[in-house]
Amino acid sequence: MQKLQSQGVHHITLVGAGRQTSIGFWEGVLGMPFIFEQPNLDKASESHLYFDPGDGRLITVFTDESRTPVKRRTPTDTGCVHHIAFAVSRVTFLQAVARLDERAIKHSGVKDRGFMDSIYFEDPLGLLIELASYRFEPPAGFTHADVLMQAHKIRVARGDYNIAEVHLADAIQALVERSRTTLSEDRAPKNPY
């Protein structure tokens, strides 16, 4: 047997209500450009809207003008989607509370996740949305996942409960030391003062 190796999320498709509800939320609140629309090729009564979440991938929504928004939390039973998280820059994250408040969108406030900060709120159809902002930038040539895996190893070795900023800083240092050469014979920390 061989694996079916994934190379990233291609798209996520949601069941929406009327067309304008989706456009108003995905583009009007989250700033995702509405890039095209076509019929749902499996169900003629539905339209299929496509939005760019910021990385060139896709969030798509099946819409039907006969459906209206249901203002309740989507199911969180086993096998259901709990939430979708979207990356935002630090400067955008710092504006999120005020921008949600100006729309009277109920939210969680800022949540400390150790390696990132998060804010949670529901879309107009009850799907939980997370805005997430990493507290670090990976070194050149590495991904956020590379840093998190190294930070996890450091955290576990130290017996710490969760990934914290110190683990991230030490992970970044370890990745740089492994991937970058130096002319120095000793790379240990120094106090030159």
Side-chain angles (χ1 to χ4, degrees), residues 6-43 45-77 79-138 143-148 163 165 168:
S6 74
Q7 293 181 261
V9 173
H10 187 281
H11 70 279
I12 296 170
T13 299
L14 305 169
V15 177
R19 178 179 186 278
Q20 200 52 51
T21 300
S22 292
I23 295 169
F25 179 73
W26 296 102
E27 185 170 50
V29 175
L30 295 182
M32 297 182 187
F34 175 34
I35 58 172
F36 75 97
E37 176 178 16
Q38 66 181 24
N40 176 352
L41 300 178
D42 295 321
K43 190 173 183 183
S45 64
E46 292 182 338
S47 187
H48 199 175
L49 310 183
Y50 291 75
F51 299 89
D52 178 351
D55 61 2
R57 299 189 191 279
L58 300 167
I59 296 291
T60 77
V61 184
F62 290 140
T63 63
D64 185 324
E65 295 309 306
S66 68
R67 294 192 297 246
T68 57
V70 178
K71 308 241 188 238
R72 71 174 186 274
R73 178 70 170 95
T74 55
T76 57
D77 300 330
C80 293
V81 172
H82 186 274
H83 69 277
I84 299 177
F86 295 103
V88 294
S89 71
R90 193 74 189 152
V91 292
T92 298
F93 188 85
L94 294 173
Q95 304 303 310
V97 167
R99 292 180 184 192
L100 290 168
D101 286 348
E102 74 185 357
R103 291 175 171 85
I105 296 174
K106 184 180 169 188
H107 57 82
S108 66
V110 175
K111 298 289 186 181
D112 176 346
R113 298 298 183 225
F115 59 91
M116 67 182 187
D117 292 307
S118 299
I119 294 175
Y120 300 87
F121 60 97
E122 292 178 12
D123 83 345
L125 306 178
L127 176 64
L128 189 62
I129 301 294
E130 175 184 1
L131 300 181
S133 179
Y134 283 117
R135 293 181 176 176
F136 67 96
E137 288 299 319
T143 66
H144 286 91
D146 295 328
V147 174
L148 290 168
I163 295 174
E165 291 171 343
L168 296 169

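The first residue of the sequence shown is numbered 1, and numbering continues consecutively from there.
For the pair S118/M116, a side-chain contact is recorded, criterion being any heavy-atom separation below 4.5 Å from C-beta on. Looking only at side-chain heavy atoms (C-beta outward), L125 and T74 stay at 4.5 Å or farther from each other. Considering only heavy atoms from C-beta on, I59 comes within 4.5 Å of P53 through its side chain.
Sorted by first and then second residue, the pairs that involve residues 55-67 and meet side-chain hydrogen bond (donor to acceptor under 3.5 Å, both in side chains), not counting sequence neighbours, are T13-T60, E46-R67, H48-T60, D64-S66. Applying the salt bridge (charged side-chain N to carboxylate O under 4.0 Å, His left out) test to pairs two or more places apart or on separate chains, those with a residue in residues 109-131 are R90-D117, D112-R135, D117-R135. Within the structure, ring-ring contact (aromatic ring centres under 6.0 Å, His included) contacts touching residues 93-122 (residues at least two apart or in different chains) are H83-Y120.
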Determine, step by step, whether D52 and M32 satisfy the side chain to side chain contact (heavy atoms under 4.5 Å, CB included) criterion, reporting the C-alpha distance in whole Å, the side-chain angles of both residues, the deciding distance to 0.1 Å, and the verdict.
-> CA-CA 5 Å; D52 178 351; M32 297 182 187; 5.7 Å; no

Verdict with reasoning, F34 to L49, per side chain to side chain contact (heavy atoms under 4.5 Å, CB included) = CA-CA 7 Å; F34 175 34; L49 310 183; 3.8 Å; yes

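The ring-ring contact (aromatic ring centres under 6.0 Å, His included) search around F25 returns none, not counting sequence neighbours. For E37, the salt bridge (charged side-chain N to carboxylate O under 4.0 Å, His left out) criterion is met by R19, not counting sequence neighbours. Every residue was checked against the side chain to side chain contact (heavy atoms under 4.5 Å, CB included) condition with S6, not counting sequence neighbours, and none meets it. In this view, F136 and Y134, H144 satisfy the ring-ring contact (aromatic ring centres under 6.0 Å, His included) rule, not counting sequence neighbours. With sequence neighbours excluded, the residues that form a side chain to side chain contact (heavy atoms under 4.5 Å, CB included) with D42 are N40. Under the rule for a side-chain hydrogen bond (donor to acceptor under 3.5 Å, both in side chains), the partners of S89 that lie at least two apart in sequence or sit in another chain are T92. For H11, there are no ring-ring contact (aromatic ring centres under 6.0 Å, His included) partners, not counting sequence neighbours. Shown here are the side chain to side chain contact (heavy atoms under 4.5 Å, CB included) partners of R103, two or more places apart in sequence or in another chain: V29, R99, I105.
Residue F62 holds its CZ atom at 11.5 Å from OG of S22, rounded to the nearest 0.5 Å. Residue F86 holds its CZ atom at 6.5 Å from CG of L30, rounded to the nearest 0.5 Å.
For the residue pair A96 and L131, the shortest heavy atom distance occurs at CB-CD1, 4.1 Å. Summarising the geometry of A17 relative to P69, their closest heavy-atom pair is CB-N, 3.7 Å, with the distance given to 0.1 Å. Between P124 and T21, the shortest heavy-atom contact is CB-CG2, 3.8 Å.
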